[in-house]
There are 2 protein chains.
Amino acid sequence: MLSYTEENYLKALLKLSFQNEDRPEAGTNEMAAYLGVKPATATDMLKKLKEKDLVTYKKYGKILLTDIGRKNGIAILRKHRLWETFLYEKLDFSWDEVHEVAEQLEHIQSAKLVDKLEEFLNFPEFDPHGDPIPKANGDMPAIAKTLLAELNAGQNCKVAAVKDTSTLFLRYLEKLKITIGTKIKVLEVIAFDGSLNIQIENEEPRSVSMKFAESLFINQLP
Amino acid sequence: MLSYTEENYLKALLKLSFQNEDRPEAGTNEMAAYLGVKPATATDMLKKLKEKDLVTYKKYGKILLTDIGRKNGIAILRKHRLWETFLYEKLDFSWDEVHEVAEQLEHIQSAKLVDKLEEFLNFPEFDPHGDPIPKANGDMPAIAKTLLAELNAGQNCKVAAVKDTSTLFLRYLEKLKITIGTKIKVLEVIAFDGSLNIQIENEEPRSVSMKFAESLFINQLP
DNA sequence: TAATAAAGTTAGATTAACCTAACAAATATA
DNA sequence: TATATTTGTTAGGTTAATCTAACTTTATTA
């Protein structure tokens, strides 16, 4: 049985490994920063996780999840995303409110609860932020990894997921009436500052910054 | 903010105060036994709770909840019973499975979550065991406190709640097709051993033990 | 009421998760 | 490549919640 804290370390490592697709390992400071603890604390915990065969760890080396560690991390991510979906769909929580509560709910221990919750929600594939929900066996739908910023003028796409899940960004999206699935057409790319002119569904064209375009994952449309 | 453990002590004290209607206070050993810790541990924690003004406590004296302590305890009970209702009604958990998971869920911190959950469940008054669910303001429907064992031959009643929530008892009730609201008629009281002959709804009459009759709270019917 | 039993407390340890401060290794840069 | 910077580790300490063992107070009973 893993402690609340151990679970958080595994989840952090998993998230960091997604963030750098080609580099699935992380460093001590990186993990500490992500978890809001001091590096010394992370060192201690990583040694402990190594003892439990959940991560590979060597002094001054990079950290990787073992297969068991990965399996556990994915189970937590699954719970997190199912709870987010529940909060959003059944309890009318907004996009930016779900995360904080799901951080707590993801640590509830009950295999039956997770599976029943999934069934109750009708086996959703994606959470409210568009991130894929792992199945009970650990399978996970492919992650969209094209950013809006990578498109050229004239191309069409559908919003697949948010890269930035900060409240500020999510509120801004709400204001622009952008949710998962919203269609966007790129009208023009401004070379000067990387900003885009886009058309959201059939609304009036508007401009968004490069920072904005780098925060949205999309699926291209023909 | 209360710790997980502090919350459990408050809830325990509240539960013990319900168990002895006329004696709302508890002793150190009693609490320790209830919580599964050693008396020395309970002593330490009670001192801490006293510092926080959640209980009244004096060396070698009985323990009582303060108003603040009671308020907090009721908030936890509210969460516990709402989650039990959710598990039972929405996720198809059985009578005897809900408690364990609700023990974990009751510690999730989010006022919005509790209130939204209550709304989602349609403001239930009683949990799956028939126990009253406190409202957001702390109000609580009256508790049925007549036992089936107190009735005489010829009297009718409706099952209001279970006094014993052990798996063994709940499973037995299921077998007898007794749930909250089931009508029972007392046909005969056997003076020898306190057992009863009863009719459950319109089933064949059957005998139940005194122990059984002392484990069910009922509301009398005319 | 004196002896015994039950209930409750204290002191001193332990464990998990955290910290600070000082140090060591690895990496980047002048 | 020597030095500076970044990254990571170690040692020693803190806090919350637990324990055991010894002790004290209160309650029961012979």
Side-chain angles (χ1 to χ4, degrees), chain A residues 1-13 16-17 19-20 22-65 69 72-73 76 103-104 106-107 109, chain B residues 1-13 16-17 19-20 22-65 69 72-73 76 103-104 106-107 109:
Chain A
M1 175 109 334
L2 299 176
S3 74
Y4 191 103
T5 309
E6 288 168 336
E7 290 195 344
N8 279 336
Y9 276 77
L10 295 183
K11 195 187 54 163
L13 197 42
L16 290 172
S17 84
Q19 262 172 46
N20 331 288
D22 45 338
R23 179 177 67 82
E25 80 278 336
T28 305
N29 286 5
E30 195 181 1
M31 290 216 58
Y34 188 89
L35 289 161
V37 299
K38 299 291 158 181
T41 307
T43 299
D44 284 352
M45 181 56 89
L46 289 169
K47 282 184 191 165
K48 195 173 147 197
L49 292 175
K50 192 215 151 136
E51 279 318 297
K52 293 194 173 186
D53 242 313
L54 296 161
V55 305
T56 63
Y57 166 77
K58 259 187 191 151
K59 261 203 206 182
Y60 298 104
K62 290 294 174 185
I63 306 132
L64 263 168
L65 284 167
N72 278 280
I76 299 157
E103 285 284 299
Q104 300 178 60
E106 73 191 4
H107 299 289
Q109 306 283 174
Chain B
M1 175 109 330
L2 299 175
S3 74
Y4 191 102
T5 310
E6 287 168 337
E7 289 194 346
N8 279 337
Y9 276 78
L10 295 183
K11 195 187 56 165
L13 196 41
L16 290 172
S17 85
Q19 263 173 44
N20 330 287
D22 46 336
R23 180 177 66 80
E25 81 277 336
T28 304
N29 285 5
E30 197 182 0
M31 290 215 58
Y34 188 89
L35 289 161
V37 299
K38 299 291 158 178
T41 308
T43 298
D44 284 352
M45 182 55 89
L46 289 169
K47 283 183 191 165
K48 194 174 148 196
L49 292 175
K50 191 217 151 133
E51 280 317 298
K52 293 195 174 187
D53 242 313
L54 295 162
V55 305
T56 63
Y57 167 77
K58 260 187 191 152
K59 260 204 208 181
Y60 300 105
K62 290 294 176 185
I63 306 133
L64 264 169
L65 284 168
N72 278 280
I76 300 156
E103 285 284 299
Q104 300 178 59
E106 73 191 4
H107 299 288
Q109 306 283 174

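Proteins get letters first, then strands, A, B, ... in listed order; numbering begins at 1 in each.
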Worksheet entry | Nearest-nucleotide comparison on DNA chain C, the residue closer to the 5′ end among B:Gly61 and A:Thr5 | B:Gly61
Return the value, rounded to whole Å, for the distance between atom [atom1] of [X] and atom [atom2] of [N].
| X | N | atom1 | atom2 | answer |
| --- | --- | --- | --- | --- |
| B:Asp44 | C:dA13 | CG | C1' | 13 Å |
| B:Lys50 | C:dT9 | NZ | P | 12 Å |
| B:Glu6 | D:dT15 | CD | C1' | 12 Å |
| A:Lys62 | C:dT27 | NZ | P | 8 Å |

On the nucleotide [N], are OP1 or OP2 found under 4.0 Å from the side-chain N or O atoms that [X] carries?
| X | N | result |
| --- | --- | --- |
| B:Lys59 | C:dA7 | no |
| B:Thr41 | D:dC19 | yes |
| B:Lys47 | C:dT10 | yes |
| A:Lys38 | D:dG8 | no |
| B:Tyr9 | D:dA16 | no |
| A:Ser3 | C:dA16 | no |

Closest to the [X] side chain, choosing from [options]:
| X | options | value |
| --- | --- | --- |
| B:Asn29 | C:dA7, D:dT25, D:dG8 | C:dA7 |
| A:Thr28 | D:dC19, D:dG8, C:dG8 | D:dG8 |
| B:Val37 | D:dC19, C:dA21, D:dG8 | D:dC19 |
| A:Ala40 | C:dG8, D:dC19, D:dT10 | D:dT10 |

Worksheet entry | Pair A:Lys11 + A:Glu103, salt bridge at N-O below 4.0 Å | yes
